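Not measured: the values here are computed from a predicted model.
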Amino acid sequence: NFLNKFKERRFYLILQGKSREENTQFKFSELKETLQKKPLKQLEQKYDTYEYKSGAVYTGQWLGGLRHGQGKMQWPNNVVYQGMWSYGYAEGEGLLTYPTGDYMKGKFINGKLNGFGTFSWKNGCIYSGFYKNDLKNGFGVFLWKTKPLLAFAGFWVDGKQNGIGIKIKNKEESSFGLWKEGKLQNWLSGFWESEKYFKHDQLKYKSFFKKEPIHLLKMFHVLDKDK
């Protein structure tokens, strides 16, 4: 009847609206290719493999014509996503790997990394922290593959360091600084009032920071605990 058709049309528009901020991999055109006319409540979940016109191949769970549940998608450029799907989109815990050897893992929403996640580069660099729409946002730790050790622990906005952070060289040596749009504005001189508080210009910084911020690298799984 008209009401059911309206509900299905509304659901389709929601899916279409979610695709407006397109990920480089997850395309609405692929989702649209397998849509079915039957109401979702009349369908049962099944396991199957489908090859898209683009050459991408999906193997996993379906609900009607929508990827829904656990599944794996591989594109012609050898990018692979494996993890959870919801109504056609990568949603939930997942792993996205690139042919270069780089990978990103964590919680995906609408095909993009959101919340806590990790990006690892083939060259050994690694970022572990919070994301919003595939960009570093919030607190996170970036470790460069260098000797001696070099890392940044602090706050990010839209993929760039923004706010207070710590440059970590080793267990004993670290420096507080203030960043804006990825650029260091100035170093913050001060002193440790205790193991957990750093004082600068009458301000106390606690948050994740401690006198030996090397623990951050262990907490965010970017450094082995025995190092």
If you look at every heavy atom in [X] and [Y], which pair is closest and at what distance?
X      : Y      : result
Glu30  : Ser54  : OE2-OG, 2.9 Å
Glu33  : Glu51  : OE2-O, 4.4 Å
Ala56  : Pro76  : N-CD, 3.8 Å
Leu184 : Trp179 : N-CD1, 3.5 Å

Could you check whether the rings of [X] and [Y] sit parallel, tilted or perpendicular, using 30° and 60° as the cut-offs?
X      : Y      : value
Tyr87  : His68  : tilted
Tyr50  : Trp62  : perpendicular
Trp156 : Phe152 : perpendicular

Once you round to the nearest 0.5 Å, how far does [atom1] of [X] lie from [atom2] of [Y]?
X      : Y      : atom1 : atom2 : result
Asn137 : Lys160 : CG    : NZ    : 12.0 Å
Asn114 : Lys132 : CG    : NZ    : 8.5 Å
Leu135 : Lys112 : CG    : NZ    : 8.0 Å
Arg67  : Thr59  : CZ    : OG1   : 12.0 Å
Tyr81  : Met104 : OH    : CE    : 10.5 Å
Asp134 : Asn110 : CG    : CG    : 10.0 Å

Donor-acceptor contact below 3.5 Å, side chain Asn162 vs main chain Glu181: yes

Co-members of the apolar cluster containing Leu95 [side chain, <4.5 Å]: Tyr103

Does some side-chain heavy atom of [Y] sit less than 4.5 Å from a side-chain heavy atom of [X]?
X      : Y      : answer
Phe116 : Ser128 : yes
Val79  : Leu96  : yes
Lys72  : Val80  : yes
Leu150 : Lys167 : yes
Lys145 : Asn123 : no

Which residues share a ring pair (Phe, Tyr, Trp, His ring centres under 6.0 Å) with Tyr131, sequence neighbours left out: Tyr127

hydrophobic_cluster_shared for Phe108 and Tyr98, side chain cutoff 4.5 Å: yes

Which residues share a side chain to side chain donor-acceptor pair (under 3.5 Å) with Asp158, sequence neighbours left out: none

Passing candidate, side chain to side chain contact (heavy atoms under 4.5 Å, CB included) with Trp85, options Gln61, Glu91, Met73: Met73

Pair Leu66-Leu31, side-chain contact (heavy atoms from CB on, under 4.5 Å): steps then yes or no: CA-CA 7 Å; Leu66 298 173; Leu31 184 152; 4.1 Å; yes

Of Trp75, Tyr58, Tyr89, Tyr52, the residue whose pairing with Phe26 passes ring-ring contact (aromatic ring centres under 6.0 Å, His included): Trp75

